[in-house]
Amino acid sequence: MKKLTLTALSAMAFSLTSLAAQAGDPEAGASAFQSQCQNCHNVTNEAGDVLAGRPNVRTGPNLYAVLGRQAGIVEGFRYGASLVSAGEAGLVWDDEPMTAYLQDPQGFLRETLGDNRARSQMSFRVRDEETAVNIIAFLDSLAPRDEEEANGDDEEEAAAD
Ligand code: HEC
């Protein structure tokens, strides 16, 4: 019902970053993560502490600090080519694209890349938007607050004069 086009979503992602994270319920997201995501993913920080899920689960990439990160760049994880291409084309996991991705990873990649043969290696789908938003709020609650601004990723291109 609430389907927006992905083009609109990507445009909105800029201005609405963090809206979904604010609206979501991280506690509900924690239990949804446990039942729906942790068979394939965990959340492990740089120090190696497992913040969610179980150690040594590597079917899917580590979801630590995934919000705001380019798609497909966790080191050592063998992504499918489509997700890597989407990341290289500029896909960043803000709330809006991740909400869409979680509900239909392959459909999302096909739309984003404009390629009907794009494939997702994640076949799982979250059934409703509310659950997706809650899980995103949960993942956001585990993200490194202070480092987020200090990463300096944006400065690379800023110095062009
Ligand atoms: C059956 C295993 C499986 C389940 C269950 C699963 N995933 Fe995934 N997930 C994967 C795989 C495999 C990939 C890599 C996809 C690719 O390369 O196309 C992935 C990729 C992702 C990515 C992209 C990460 C990046 O670094 O770009 C996100 C975000 C994600 N999953 C979130 C979730 C969440 C949240 C859940 C629970 C609702 C979930 N996944 C459930 C296997 C799974």
Side-chain angles (χ1 to χ4, degrees), residues 2 6 9-10 12-14 16-46 48-144 147-148 151 153-154:
K2 277 180 147 183
L6 285 162
L9 286 178
S10 326
M12 283 165 62
F14 255 155
L16 296 186
T17 299
S18 259
L19 243 199
Q22 281 160 24
D25 173 351
E27 279 178 33
S31 59
F33 182 88
Q34 212 171 17
S35 55
Q36 301 188 34
C37 317
Q38 75 172 17
N39 279 341
C40 298
H41 293 277
N42 67 24
V43 179
T44 304
N45 69 15
E46 293 100 336
D49 302 322
V50 180
L51 308 181
R54 302 186 216 92
N56 304 316
V57 170
R58 305 209 203 288
T59 307
N62 180 6
L63 295 178
Y64 181 66
V66 67
L67 284 152
R69 185 167 77 202
Q70 180 181 323
I73 60 165
V74 169
E75 212 144 321
F77 184 79
R78 291 168 60 98
Y79 291 96
S82 300
L83 185 55
V84 171
S85 300
E88 286 169 356
L91 174 63
V92 168
W93 291 128
D94 290 319
D95 303 324
E96 301 289 339
M98 206 194 295
T99 303
Y101 177 77
L102 292 181
Q103 294 176 88
D104 181 7
Q106 187 149 292
F108 174 83
L109 288 177
R110 288 182 177 185
E111 284 275 351
T112 301
L113 293 168
D115 176 0
N116 274 338
R117 286 164 312 170
R119 303 292 301 256
S120 171
Q121 288 192 11
M122 170 162 146
S123 49
F124 187 82
R125 291 168 172 227
V126 173
R127 285 190 182 196
D128 59 284
E129 182 174 312
E130 190 186 355
T131 305
V133 165
N134 289 341
I135 292 170
I136 290 168
F138 171 62
L139 292 172
D140 197 41
S141 77
L142 301 177
E147 278 89 73
E148 226 167 55
N151 267 339
D153 287 337
D154 296 335

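Everything quoted here is computed from the prediction, not taken from an experiment. All ligand and atom numbering here is 1-based and tracks the order in the structure.
Of all the atoms in ligand 1, the ones that sit under 4.0 Å from a non-hydrogen atom of Val126 are 38 (C). Heavy-atom proximity to Ile135, at under 4.0 Å, picks out these atoms of ligand 1: 35 (C), 38 (C). Taking a cut-off of under 4.0 Å to the non-hydrogen atoms of Arg69, the atoms of ligand 1 that pass are 26 (O).
Between Val66 and ligand 1, no pair of N/O atoms sits closer than 3.5 Å. Between His41 and ligand 1, an N or O atom pair is found at a separation short of 3.5 Å. Polar contact check, Ser123 against ligand 1: no nitrogen or oxygen pair lies under 3.5 Å apart. Of the N or O atoms in Gly72, one or more lie within a sub-3.5 Å distance of an N or O in ligand 1.
For the residue pair Arg58/Asn56, the side-chain donor-acceptor check at 3.5 Å is satisfied.
Phe138 contributes atom CZ, which lies 9.0 Å from atom OG of Ser31 (distance to the nearest 0.5 angstrom). A distance of 6.5 Å separates OH of Tyr64 from CG of Leu51, quoted to the nearest 0.5 Å. Separating the CG atom in Asn134 from the CD atom in Glu129 is a distance of 10.5 Å, to the nearest 0.5 Å.
Judged purely by atom type and a 3.5 angstrom limit, Tyr79 has no side-chain atom pairing as donor or acceptor with the backbone of Ser85.
When the heavy-atom distances from atom 20 (C) of ligand 1 to Tyr101, Phe124, Phe77 are ranked, the shortest goes to Tyr101. Around atom 16 (C) of ligand 1, the closest heavy atom drawn from Gln121, Arg119, Gln38 belongs to Gln121. Heavy-atom proximity to atom 4 (C) of ligand 1, evaluated over Cys37, Ala86, Cys40, is greatest for Cys40.
Using bins of under 30°, 30° to 60° and over 60° for the plane-to-plane angle, the ring pair Tyr101/Phe108 lands in the perpendicular bin.
Among all protein heavy atoms, the one lying closest to atom 23 (C) of ligand 1 is Trp93 NE1, 3.6 Å. The single protein non-hydrogen atom nearest to atom 5 (C) of ligand 1 is Gln36 O, 3.3 Å, given as residue, atom name and distance. When only non-hydrogen protein atoms are considered, atom 13 (C) of ligand 1 lies nearest to Pro61 CD, 3.6 Å. Among protein heavy atoms, atom 17 (O) of ligand 1 sits closest to Gly80 N, 2.7 Å. Considering only non-hydrogen protein atoms, atom 26 (O) of ligand 1 sits nearest to Tyr79 OH, 2.6 Å.
When heavy-atom distances to ligand 1 are checked against a 4.0 Å cut-off, Leu102 comes that close only through its side chain, counted from C-beta outward.
Summarising the geometry of Ala118 relative to Ser82, their closest heavy-atom pair is CA-OG, 3.4 Å, with the distance given to 0.1 Å. Pairing each heavy atom of Met98 with each of Leu67, the nearest pair is CE-CD2, 3.7 Å. Across all non-hydrogen atoms, the minimal contact from His41 to Val57 is N-CG1, 3.6 Å.
Put simply, the side chain of Glu88 reaches to within 4.5 Å of the side chain of Val84, judged on heavy atoms. Using a 4.5 Å heavy-atom threshold, the side chains of Val43 and Gln38 count as separate.
Residue Asn39 places no heavy atom under 4.0 Å from ligand 1. The shell of residues lying under 4.0 angstrom from ligand 1, judged by heavy atoms, excludes Arg78.
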